Novice: 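Questions regarding the structure given below will be posed in turn.
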Amino acid sequence: MKTLLDYLPIIIFFYFYKTTDPKDNQHPILQTIGSAGNTDQNHILVATAALLIATLVVYGCLFIFQKFKLEKMQWFIVISSIIFGGITLALSDVTYIKLKAVIINAGVGSAFLFSAYFTKDKQPVIRKMFDPLLSMDEKGWHKLNLAWCGQFLILAILHILFGFVIAGGKYWGEFTAFGDIIFSLSYLGLMLFSVRKYFKKDISS
């Protein structure tokens with residue numbers, strides 16, 4: 001149930017992204033938030049406003065259901081949505097909402113890349129995540145950490161390409177809503193397949 005709620009804001013975002021006329025600067029949502037709109041990017045502004053509202057509602061409900069607390073990643077999603085979505089709407093400039101995924105993925109990828117330098121035991125963060133499941137030597141853990149880091153850095157590059165380069169950003173919404181998760185799941189599946197021989201036979205032990 002919680003996983004479905006996590007995806008609800010992006011579903012709402014995509015709905016308004018596809019159903020709003022890019023040139024409609026008189027959309028009710030834009031008028032409600034007092035935005036003057038943008039020449040031909042109003043579908044993104046409307047979708048961003050809907051995403052921000054949906055995020056606050058969904059995570060507000062989760063905050064209550066989870067006994068008035070959110071997980072670190074949930075806080076990260078809420079805060080980043082407020083910052084990038086707020087700037088986008090305040091300036092009527094879609095550049096900032098497009099940069100959101102770029103900065104988040106680059107930041108997470110960098111965190112994995114340099115994690116070993118900022119922990120007391122000098123171990124990559126991927127080891128802390130999967131040590132109960134995998135049996136690998138130091139070299140293996142560092143390779144897996146680099147592979148995990150690569151996922152986020154590649155996603156950052158893809159968001160740049162779809163947001164600003166490919167067809168002038170025409171397919172950015174589609175990639176954000178579907179391409180991102182398809183790539184992530186495919187990459188995860190490939191990595192799990194690559195480390196299949198390292199899974200501990202008796203995890204409970």
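Small disclaimer: the values here were computed from a predicted structure and weren't measured.
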Novice: Rounded at 0.5 Å granularity, tell me how far CE in M73 sits from OG in S80.
Specialist: 9.0 Å
Novice: Spell out, as yes or no, whether a donor-acceptor pair under 3.5 Å connects the side chain of R196 to the backbone of F193.
Specialist: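 Yes.
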Novice: Please examine the side chains of R127 and H142, heavy atoms only from C-beta on, and report whether any two atoms are closer than 4.5 Å.
Specialist: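 In short, these two side chains do not touch, never coming nearer than 4.5 Å.
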Novice: Has the side chain of N25 got a donor or acceptor atom that lies under 3.5 Å from a matching backbone atom of G37?
Specialist: no
Novice: Search all heavy atoms of S35 against all heavy atoms of L89 and return the closest pair with its distance.
Specialist: OG-O, 4.3 Å
Novice: Counting heavy atoms not belonging to K128, are there more than 12 under 6.0 Å from its NZ?
Specialist: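 Yes, the 6.0 Å shell around NZ holds more than 12 heavy atoms from other groups.
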Novice: Is there a donor-acceptor pair closer than 3.5 Å between any side-chain N or O of T20 and the backbone N or O of Y17?
Specialist: no
Novice: List, by chain and then residue number, the residues other than I53 in its hydrophobic cluster (Ile/Leu/Val/Met/Phe/Trp/Tyr, side-chain heavy atoms under 4.5 Å); write none if there are no others.
Specialist: V57
Novice: Do D93 and T88 have side chains that get closer than 4.5 Å, going by heavy atoms?
Specialist: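 They are not in contact (no side-chain heavy atoms under 4.5 Å apart), so the answer is no.
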Novice: Please indicate whether F164 has more than 12 foreign heavy atoms, meaning atoms of other residues, nucleotides or ligands, lying under 6.0 Å from its CZ.
Specialist: yes
Novice: What do you reckon, are the aromatic ring centroids of F178 and W172 less than 6.0 Å apart?
Specialist: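 No.
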Novice: Would you call I154 and Y187 a side-chain contact if the rule is heavy atoms closer than 4.5 Å?
Specialist: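 A side-chain contact under 4.5 Å exists here.
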Novice: Say whether, by atom type as modelled, one donor and one acceptor occur between the side chain of N145 and the main chain of F112 under 3.5 angstrom.
Specialist: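 Side chain of N145 to backbone of F112, a donor-acceptor pair under 3.5 Å: yes, one is there.
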Novice: Side chains of I103 and F84: closer than 4.5 Å at any heavy-atom pair?
Specialist: yes
Novice: In Å and rounded to the nearest 0.5 Å, what is the CD1 to CG distance from I160 to L99?
Specialist: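 Going from CD1 on I160 over to CG on L99, the span is 8.0 Å.
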Novice: Give me the atom names and distance for the closest heavy-atom approach of D131 to K200.
Specialist: O-NZ, 2.8 Å
Novice: Is I82 close to L56 at the side-chain level, that is, under 4.5 Å between some pair of heavy atoms?
Specialist: yes
Novice: To the nearest 0.5 Å, what is the distance between CD1 on I29 and CG on L52?
Specialist: 11.0 Å
Novice: Taking the side chain as C-beta and beyond, is there a heavy-atom pair between Q74 and F63 under 4.5 Å?
Specialist: no
Novice: In this structure, are over 12 heavy atoms from other groups packed under 6.0 Å from F183 atom CZ?
Specialist: yes
Novice: To the nearest 0.5 Å, tell me how far I64 CD1 sits from L70 CG.
Specialist: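 If we round to the nearest 0.5 Å, I64:CD1 and L70:CG are 10.5 Å apart.
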Novice: Looking only at heavy atoms, which two atoms of S92 and N38 are closest? And how far apart?
Specialist: O-ND2, 2.9 Å
Novice: Could you grab the distance from atom OG1 of T48 to atom NZ of K100, nearest 0.5 Å is fine?
Specialist: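 If we round to the nearest 0.5 Å, T48:OG1 and K100:NZ are 9.0 Å apart.
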Novice: I77 and Y59: which non-hydrogen atoms are nearest, and at how many Å?
Specialist: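 Here I77 and Y59 meet closest at CD1-OH, 3.6 Å.
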Novice: Yes or no on side-chain hydrogen bond (donor to acceptor under 3.5 Å, both in side chains) for Q66 and E71, after CA distance, side-chain angles and deciding distance?
Specialist: CA-CA 9 Å; Q66 294 173 177; E71 299 170 1; 5.3 Å; no
Novice: Can you tell me how far apart CE (M129) and CH2 (W148) are? Round to the nearest 0.5 Å.
Specialist: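 Going from CE on M129 over to CH2 on W148, the span is 5.0 Å.
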Novice: Check whether any side-chain heavy atom of Y198 lies under 4.5 Å from a side-chain heavy atom of V195, and answer yes or no.
Specialist: yes
Novice: If we only count heavy atoms from C-beta on, is the Q26 to Q31 side-chain gap below 4.5 Å?
Specialist: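 Side-chain contact under 4.5 Å: yes.
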Novice: Which heavy atom of N42 sits nearest to which heavy atom of D21, and what is that distance?
Specialist: CB-O, 4.0 Å
Novice: Would you please indicate if the ring centroids of H43 and F16 are separated by under 6.0 Å?
Specialist: no
Novice: Where do T176 and D180 come nearest, in terms of heavy atoms and distance?
Specialist: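 So the minimum-distance heavy-atom pair works out to O-CB, 3.8 Å.
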